[in-house]
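A short worksheet on the structure shown next.
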2 protein chains.
Amino acid sequence: MSDPTILIVDDEPAIRDMIGITLDLAGFNSMSAETAHQAHVAIVDSRPDLVLLDWMLPGGSGIELARRLKRDELTSTLPIIMLTAKTSEDNKVQGLDVGVDDYVTKPFSPRELVARIKAVLRRSSGTQQDKVIRVFDLQLDPSSHRVTIEDTPVDMGPTEFKLLKFFMSHQEKVFSRDHIQDQVWGGNVYLEERTIDVHIRRLRKALSSIEPTSINYARLIQTVRGAGYRFSVKPA
Amino acid sequence: MSDPTILIVDDEPAIRDMIGITLDLAGFNSMSAETAHQAHVAIVDSRPDLVLLDWMLPGGSGIELARRLKRDELTSTLPIIMLTAKTSEDNKVQGLDVGVDDYVTKPFSPRELVARIKAVLRRSSGTQQDKVIRVFDLQLDPSSHRVTIEDTPVDMGPTEFKLLKFFMSHQEKVFSRDHIQDQVWGGNVYLEERTIDVHIRRLRKALSSIEPTSINYARLIQTVRGAGYRFSVKPA
DNA sequence: ATATAATATTACAGTGGTGTGACAGGAGTA
DNA sequence: TACTCCTGTCACACCACTGTAATATTATAT
């Protein structure tokens, strides 16, 4: 996996720069946003691996953003570290209540910040992203970037892998082509709608290639006419 | 859910028309305003789903309008996409700062514009909080776009799905064909009245197809002679 | 009972959404 | 450089779905 990208959300340019430099030195990619709005746009567009979020954004929108991110299913697994000048227990509790992953109080040392970031990334990658997803004898292992059916490797391109990973981690739910594009390609790429179809086709083809040992796993990728596609264990 | 309405605010008629045509082709309803004042009236009156706002309105009132809309509680959630000829980062930052949801620089391709509009609408519409509707062993799940009877999937077309969803979320109430047409097909299509009957028939057929394990769910769709149809748990 | 209005049912042709193969350009590699 | 793999797009084919008209059936009124 390439270097994780960290989004810094703070209204003070000096803080943003300082943290940015620190993170670069520590081997992270960093990007920054000044407001909650900017941050939300950046998150949807660029899908960072972690967000450093200032508690005290103008308008008190910091915690509001955190709450929104955790509420929305699509961003709820995105790790968030809150930055705050206050040390009061109240805030801490309130922050963790929202579902924030960790908490750093200003002033903090670069070393502490980096350590906490690494810890959170390690924790979240252990539990969330890198967990093997299994459906019957179809296995997808994010960490080794591999898909197997009954322990036989399935050959597919990177895009099909991402597509399958997205579907397998959001089963039994229909996604429009637009939605799929957002999730798999990212928010600021413009595709012909039918392109999705072609990749679906390639994914199905890949899943069928191993057969016919047992069930046809391509059937799990279901077309919902007029609505989009769905990964489902139940028959269509 | 009918087509979203987009308000175009630009002082140049040519631009308004061009965008209007683009949006119509993409399946949106569009309306336009020439000045910030007109726009504000239109917003209050017609409550569009999104505003495309030219940055450079005469009198520099574009950004002023954006700020006002975001400040006013009643319109603060209305998504705004700024249009501008400038590519400078300054404007971008300033625009996002005001709370604008996205930013498109002229000249832009119709495809990009439509893609951004869709993305913003998707983002702002929040997570679908659609809950599963259940009547006895008949279940309709909007998020997976599925209808099941005793966990057996029921096959039906998109229109029948919408029809059933409408009925199940408005039980024990009679609806005229006109009303059903408005709700399921949308307001601006002309249908032969009998067409509704045919879809009712198709829906009943689909609901009967799973049987005969227990009750006949087609009976829940009741004909009310001279008035319309009704979804009811009680016998007719 | 018969007539009449309202609804049910069937059949059908047009359309739009999706599946599929082919292709050219691009990114990465040897 | 030549090669390979991958990607996005197009063009064509196919079929599920749609709306309508025509016919059959049922309910209400005379």
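We use all heavy atoms of the structure for the numbers below, so side chains are in, but hydrogens, waters and symmetry mates are not. So you know, we letter chains A, B, ... as the sequences are listed, proteins then strands, and number each from 1.
- For the pair B:Thr223 and C:dA8, the criterion of a side-chain N or O lying under 4.0 Å from OP1 or OP2 is met.
- The distance from atom NE2 of A:His199 to atom P of D:dC10 is 13 Å, rounded to the nearest whole Å.
- Summarising the geometry of B:Ala206 relative to B:Val154, their closest heavy-atom pair is O-CG1, 3.3 Å, with the distance given to 0.1 Å.
- With the nearest nucleotide of DNA chain C identified for both A:Val224 and A:Val198, A:Val224 has the one nearer the 5' end.
- If you measure from atom CD of A:Glu193 to atom C1' of D:dC10, you get 15 Å, rounded to the nearest angstrom.
- Side-chain atoms of A:Glu172 come within 3.5 Å of backbone atoms of A:Val233 as a donor-acceptor pair (strictly under, hydrogens ignored).
- Nearest to the side-chain atoms of B:Arg202 among the listed nucleotides C:dA11, C:dA22, D:dC17 stands C:dA11.
- Counting only distance, with no hydrogens or angles, the side chain of B:Ser232 and the backbone of B:Lys234 share a donor-acceptor pair below 3.5 Å.
- Look at CD1 on B:Ile196: it is 16 Å from C1' on D:dA21, rounded to the nearest Å.
- Side chain of B:Arg16 to backbone of B:Asp10: a donor-acceptor contact under 3.5 angstrom is found.
- In this structure, of D:dA16, D:dT20, D:dG8, it is D:dG8 that holds the atom nearest to the side chain of A:Leu191.
- Other residues, nucleotides and ligands place no more than 12 heavy atoms under 6.0 Å from the NE2 atom of B:His179.
- For A:Glu192, whose side chain is taken as the heavy atoms from C-beta onward, the closest listed nucleotide among C:dG16, C:dG19, D:dC10 is D:dC10.
- For B:Pro158, the side-chain atoms get nearest to D:dT18 when compared with the rest of D:dT18, C:dT18, C:dA8.
- OP1 and OP2 of D:dT7 both lie 4.0 Å or more from every side-chain N or O belonging to A:Trp185.
- In the set C:dA22, D:dG19, C:dA8, the nucleotide with an atom closest to the side chain of B:Arg204 is C:dA8.
- The aromatic rings of A:Trp185 and A:His199 sit perpendicular to each other, their planes meeting at more than 60°, with 30° as the lower class boundary.
- Residue B:Thr195 places its side chain closer to D:dG19 than to any other of D:dG19, D:dT7, C:dA6.
- Between D:dT18 and B:Thr159, a contact under 4.0 Å exists linking OP1 or OP2 to a side-chain N or O.
- Going from atom NE2 of B:His145 over to atom P of C:dG17 covers 14 Å, rounded to whole Å.
- Between the CZ atom of B:Arg225 and the P atom of D:dA27 there is a distance of 8 Å, given to the nearest Å.
- Computed from coordinates, the B:Met156 CE to D:dT18 C1' distance equals 16 Å when rounded to whole Å.
- B:Ile200 comes within 4.0 angstrom of nothing in the nucleic acid, heavy atoms only.
- Put simply, the side chain of A:Arg194 and the base of C:dG19 share a donor and an acceptor less than 3.5 Å apart.
- With C:dG19, D:dT9, C:dT9 as the candidates, the nucleotide lying closest to the side chain of B:Asp197 is C:dT9.
- Distance A:Asp155 CG to D:dT4 C1': 13 Å, rounded to the nearest Å.
- Counting non-hydrogen atoms under 4.0 angstrom, B:Glu160 reaches the backbone sugars and phosphates but no base.
- The separation between A:Ile221 atom CD1 and C:dG19 atom P is 11 Å, rounded to whole Å.
- Residue contacts for A:Tyr229: at a heavy-atom cut-off of 4.0 Å it reaches the sugar-phosphate backbone alone, with no base atom in range.
- Regarding contacts with the backbone of C:dA6, every side-chain N or O of B:Arg177 stays at 4.0 angstrom or more from both OP1 and OP2.
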